[in-house]
Number of protein chains: 2
Amino acid sequence: MSQPDTKVKILDVAEKLFAADGFHATSLRAITSNAGVNLVAVNYHFGSKEELLEAVIERRLTPLNRRRAEMLDAELAAAEAEGRRPDPRQVLRALVEPTIELREQGEGPEHFITLVGRILADPRGVGRDIFLRRMEPFILRLFETMHQALPHLSFSTLSWRMHFAVGSLSHVMRCHDRCQDLPPGILPGMKMVRLADLLLDYTLAGMEAPE
Amino acid sequence: MSQPDTKVKILDVAEKLFAADGFHATSLRAITSNAGVNLVAVNYHFGSKEELLEAVIERRLTPLNRRRAEMLDAELAAAEAEGRRPDPRQVLRALVEPTIELREQGEGPEHFITLVGRILADPRGVGRDIFLRRMEPFILRLFETMHQALPHLSFSTLSWRMHFAVGSLSHVMRCHDRCQDLPPGILPGMKMVRLADLLLDYTLAGMEAPE
DNA sequence: GTATAATTCAAACGAACGTTTGAGTCAACA
DNA sequence: TGTTGACTCAAACGTTCGTTTGAATTATAC
């Protein structure tokens, strides 16, 4: 290839702009000019604007879910080897920690997380099917495993609480260093490695609350 | 007025379409044709598309925050009269319950809640400033009161946990009867009046978890 | 009943959009 | 060296966008 990174440059800029402004508010002209490539490179390399979005999601989400599945497998194997139930904290960690780790890997992943938050808030947007299709296998396994870990909870209560937990995670993930939902200065800076523990403490307490 | 409800019809349809498709993906032509009014009625009555969004938010958010403030006032007054700290559950209820009540009032409010979820996910969208400007006074009072209710928590921990709580609330509020984030059938139907209690149980347990 | 203001309407504006086209450029290989 | 295939590029396509304009219509007040 003469300019081997044209696709990568497009993906990087598209990820950033889709996250910042949304799919419809981001034009291909804005993407290609910021990436320093020709306008039609998107249609040439990806086919259409929508397929570009799919490629943006695909690039980060596939490795992320692979990492999550590995952590879930590890906890399930450990639990079986030791003849105990899965530890709910470890199960939740398989969802939370790879997400936070990804977010720490640089600007690109950070924009991707913001983009996911936007997709979750879009009840019938173009990215929703693309995203959920790739999430469904892990989500189903996560539910089964949490049900094993907290068998005293009714399935209804567990479902709602998982729902609340996903809300907390996606909300905190899409906020930046200083969360923009809150008046300035109200969220002091905090190392992300501690944020995972903070979120797990909070979520686990809610999960295990009396029914 | 010859057709006194032109503004209301526009507000209703705009609320619905902004929530369903987003601000940029919704055209004035779609709004006005669905409302059965002329295209230029938006510019005549509201000035611009952005000012229409502001009117949509204004209509629901102002009474909602008035109701929240009343509940907060009531709990603060009761606590002072009884010489005790504010009850954290009652403080959280001032945030949660008016929201869920609003959502139960019909289709329009339901769309509005979805729209708010979308605004919260949009880090620099047009609706963000409009929304946060009207939320800031209540949010500040909510933080102060929760700090009085849970004085043993460090301000940092309290801030993050409030952040998690807002995430849960906004996430569950923007989902419909069957939450679309999850594989079908995983969230059984549930009365909304019980949902408020479920969410409060969960959130309060997380708030009061050991630090 | 007539003047005045408020509202509706059809038509058109310029701008921006995603996409298509066809020629041009360059590297690799026979 | 000539040819093939991958890639880039400028120009233009048809469509849709938010907004403006100015005339027609309707309600209100004198």
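This is a predicted model, so every value here is computed, not measured. Sequence lines set the chain letters: A, B, ... in the order given, protein chains first and strands last, and positions in each chain run from 1.
Lys49(B) places its NZ atom 8 Å from the C1' atom of dC17(D), with the value rounded to the nearest Å. To the nearest angstrom, P of dA16(C) lies 14 Å from NE2 of His24(B). Atom C1' of nucleotide dT8(C) and atom CG of Asp5(B) are separated by 14 Å, given to the nearest angstrom. When the P atom of dG18(C) is taken as reference, atom CG of Leu28(A) falls 4 Å away, rounded to whole Å. At whole-Å resolution of the value, CG in Asn43(A) and C1' in dT8(D) are 13 Å apart. Atom CZ in Phe46(A) sits roughly 14 Å away from atom C1' in dC7(D) (whole-Å rounding). Between the CG atom of Leu39(B) and the P atom of dT7(C) there is a distance of 18 Å, given to the nearest Å. Here the P atom of nucleotide dG18(D) and the CD1 atom of Ile31(B) are 8 Å apart, to the nearest Å.
Here the side chain of Arg68(B) pairs no donor or acceptor atom with the backbone of Leu142(B) at under 3.5 angstrom. Within the 3.5 Å criterion, the main-chain N or O of Glu110(A) finds no donor-acceptor partner in the side chain of Arg103(A).
For Thr6(B), a side-chain nitrogen or oxygen approaches OP1 or OP2 of dT8(C) to under 4.0 Å. Distances shown here put a side-chain N or O of Ser27(B) below 4.0 Å from the OP1 or OP2 atom of dC17(D). Distances shorter than 4.0 Å separate some side-chain N or O of Asn38(B) from OP1 or OP2 on dA10(C). OP1 or OP2 of dG18(C) has not a single side-chain nitrogen or oxygen of Ser48(A) nearer than 4.0 Å.
Around NZ of Lys49(B), the count of heavy atoms belonging to other residues, nucleotides or ligands within 6.0 Å exceeds 12.
Closest to the His45(B) side chain, of the nucleotides dT7(C), dT19(D), dC9(C), is dT7(C). Among the nucleotides dA10(C), dT20(C), dT19(C), the one closest to the side chain of Val40(A) is dT20(C). Of all nucleotides listed (dA6(D), dT19(C), dT7(C)), dT7(C) comes nearest to the side chain of Tyr44(B).
Side-chain N/O atoms of Thr157(A) and Ser154(A) include a donor and acceptor closer than 3.5 Å.
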Can you check side chain to side chain donor-acceptor pair (under 3.5 Å) on Gln148(A) and Thr145(A), steps first, answer last? CA-CA 5 Å; Gln148(A) 295 173 34; Thr145(A) 314; 5.1 Å; no
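At a threshold of 4.0 angstrom between heavy atoms, the contacts of Thr26(A) are confined to the sugar-phosphate backbone, with no base atom among them.
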